[in-house]
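Naming: A, B, ... by sequence-line order, numbering from 1 per chain. Keep in mind that this is a model prediction, so the values were computed, not measured.
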There are 2 protein chains.
Amino acid sequence: MNRITSAEAWTGVADCLNCNIRQSVLFAGLEEADFRDLHRPIDQLQFAAGETVYRAGDDGVSLFTIRTGLVKLTHYLPDGSQRIVRLLSKTDVIGLECMLGNVYQHSAIALQATEVCRLPVSSVKRLSLGNSRLFHTVMAQWYRALSDADRWITELSTGTARDRVIRLLLWLSERETGNSCSLFSREDLGAVLGLTTETASRSMAELKRQGLIREHSLNQFSFDIVALRRIVETRVG
Amino acid sequence: MNRITSAEAWTGVADCLNCNIRQSVLFAGLEEADFRDLHRPIDQLQFAAGETVYRAGDDGVSLFTIRTGLVKLTHYLPDGSQRIVRLLSKTDVIGLECMLGNVYQHSAIALQATEVCRLPVSSVKRLSLGNSRLFHTVMAQWYRALSDADRWITELSTGTARDRVIRLLLWLSERETGNSCSLFSREDLGAVLGLTTETASRSMAELKRQGLIREHSLNQFSFDIVALRRIVETRVG
DNA sequence: CGTGTTTTTGAGCCAGATCAAGTACGGTGG
DNA sequence: CCACCGTACTTGATCTGGCTCAAAAACACG
């Protein structure tokens, strides 16, 4: 297997000790000595929107920490359609499952330009046993993934199409700065929310018409977070 | 806090070394010496259907390994209704989140008569750091919870009401012996599948009428697993 | 500037929600 | 033992949000 496949761009060897998002990242708890222990360097890679980080069933030899961007994990259904089971962004780890199994459980595809650090599973396994802080960080990543999955079920798979769209916009805005977010294709939007592409499109159009969201450039939206939150939280009351 | 609350029955101190489901359980990897290390004994508790194991927001001081039975994790929505986010059974661990946070994230309620072992979080934390097998087992539990959540999204929150019901029946039969399962109230059924109670009821009635499932006693169903599987897997083709 | 792709919009239909009765069941008390 | 009651389940009638099928519009790209 080549280090640099057609679908990715190697952008350098990571300098973890001086990482600018280090405090929130998997290797936060490591000491200089630990890094000397790593036999292979940590590579930084870059993916354009639409490029594949890994495919379900691939040999799981690496974990990835997302530095910037947005990645979808998809599960393909027997009929060929996809259901997106998670969206991951800054400081999330993908591929954690290969600390246990041998292969990736989902396909991971970038939805925006995305930068990641690639970590060898073997090193993470070895180091996390002795290092209580890394152990804790790894477990925190599991917890985070599970919490996200719970939110996915309660917020993005429940309620009307309109509400689901709003909750997703709010969710996206949490991981960006300010009251805006950048969205992706209507097809992916539908696959996230368990709706058809048409319904996803209609819901967006409706929100735009009502002035609840504004699109200043292609798929770049801004909105009044408080107002939107009020809409989806006010049920009965 | 009392060791035995009104909603639970203490049934003895667990003898983990001779546990009959030990190979599949959290403390599988522990040695005799480790058990001597535990300051408090491991209690076994029993819950009747409908009783609460813990509530969302409670202080998370214990993990529970399920020995027999079925437990729902629910998330209450602002309007007072519930959405069930996971169903757990034999060898599953609930309350894992309190290895990181301080409180339980969901309410855990028994759907059937349920036996559990109660493990002090502090011990699991302490032991899992030094013991590579326990570390691995704990992580495997996270993985399992996450895989279940993924199935929940793709199988139980997607497709027609009928298909969802069938997938749930198949899911339940996996964790029981043979081609049968015991079900629970229609209200909970709806909360699992994201459907109304009425639709859940109608779907069950329809399956009965079509002879695809048989109810030999109250909420005890048997069916042809292969036939049901064919129904939900055959989409397009 | 034409061609393929994605998004939007329209019209009609249907699955599931809602509202409303009716029925079965388990428990309780006379 | 039976009448009564509360709860859960079932069934019916109607309504509607989202799906389906189809076409137009906007856009991306060579």
Side-chain angles (χ1 to χ4, degrees), chain A residues 48-50 72 77 79-84 109 111-113 156-169 182-210 213-221 231-232 235-236, chain B residues 48-50 72 77 79-84 109 111-112 156-168 182-210 213-221 231-232 235-236:
Chain A
K72 67 173 175 181
L77 303 174
D79 70 353
S81 67
Q82 59 160 339
R83 178 83 207 248
I84 298 176
I109 298 171
L111 289 177
Q112 301 168 0
L156 304 184
S157 306
T158 308
T160 65
R162 179 200 154 98
D163 284 4
R164 296 188 198 189
V165 169
I166 292 177
R167 290 201 204 95
L168 178 65
L169 292 174
S182 63
L183 204 64
F184 33 83
S185 80
R186 296 296 171 270
E187 191 186 338
D188 282 334
L189 182 58
V192 166
L193 303 175
L195 304 169
T196 58
T197 307
E198 294 94 322
T199 301
S201 172
R202 263 186 259 270
S203 303
M204 288 297 298
E206 175 74 11
L207 290 175
K208 272 189 269 183
R209 252 177 260 121
Q210 295 182 308
I213 62 177
R214 280 192 326 119
E215 180 169 22
H216 14 71
S217 65
L218 181 64
N219 276 334
Q220 278 295 135
F221 293 91
I231 291 173
V232 290
R235 283 297 103 99
V236 180
Chain B
K72 67 173 174 181
L77 303 174
D79 70 351
S81 67
Q82 58 160 340
R83 178 83 206 251
I84 298 177
I109 298 171
L111 290 178
Q112 301 168 1
L156 304 184
S157 306
T158 308
T160 65
R162 177 200 157 98
D163 284 4
R164 295 188 198 190
V165 169
I166 292 177
R167 290 199 205 98
L168 178 65
S182 62
L183 204 64
F184 33 84
S185 80
R186 296 295 170 272
E187 191 186 339
D188 283 335
L189 183 58
V192 166
L193 303 176
L195 303 170
T196 59
T197 308
E198 294 95 322
T199 301
S201 173
R202 265 186 256 270
S203 303
M204 288 298 296
E206 174 74 11
L207 290 175
K208 274 191 267 183
R209 250 178 262 122
Q210 296 182 306
I213 62 177
R214 279 191 328 120
E215 180 169 25
H216 14 72
S217 66
L218 182 65
N219 276 334
Q220 277 296 134
F221 292 91
I231 292 172
V232 290
R235 283 297 104 99
V236 180

Tell me which nucleotide among [options] gets nearest to the side chain of [X].
| X | options | value |
| --- | --- | --- |
| A:Ser201 | C:dT8, D:dT20, D:dT10 | C:dT8 |
| A:Ala161 | D:dG18, C:dT9, C:dG16 | D:dG18 |
| B:Lys208 | D:dT10, D:dG18, C:dG16 | D:dT10 |
| A:Glu198 | D:dA13, D:dT10, D:dA22 | D:dA22 |

Could you tell me whether B:Arg209 contacts a base, only the sugar-phosphate backbone, or nothing, with contacts defined as non-hydrogen atoms closer than 4.0 Å?
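Here B:Arg209 touches the backbone only, sparing every base.
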When all nucleic acid strands are considered with a 4.0 Å heavy-atom cut-off, which category describes A:Leu195: base, sugar-phosphate, or nothing?
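It contacts sugar-phosphate atoms only.
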Please tell me if [X] has a side-chain N or O lying less than 4.0 Å from either OP1 or OP2 of [N].
| X | N | result |
| --- | --- | --- |
| B:Thr196 | C:dG16 | no |
| B:Ser185 | D:dA8 | no |
| A:Thr160 | D:dG17 | no |
| A:Arg186 | C:dT8 | yes |

May I ask you to check whether over 12 heavy atoms, not counting those of B:Gln112, lie within 6.0 Å of atom CD?
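Yes, the 6.0 Å shell around CD holds more than 12 heavy atoms from other groups.
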How sharply is the helix from C:dC1-D:dG30 to C:dG30-D:dC1 bent, taking the axes over five pairs at either end and rounding to 10 degrees?
40°
Mapping A:Arg162 and A:Leu218 to their closest nucleotides on DNA chain D, which lands nearer the 5' end?
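The 5'-side residue here is A:Arg162.
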If I take atom [atom1] in residue [X] and atom [atom2] in nucleotide [N], what distance separates them, rounded to the nearest angstrom?
| X | N | atom1 | atom2 | value |
| --- | --- | --- | --- | --- |
| B:Leu207 | D:dT10 | CG | P | 12 Å |
| A:Leu183 | C:dT7 | CG | P | 10 Å |
| B:Arg164 | C:dA15 | CZ | P | 14 Å |

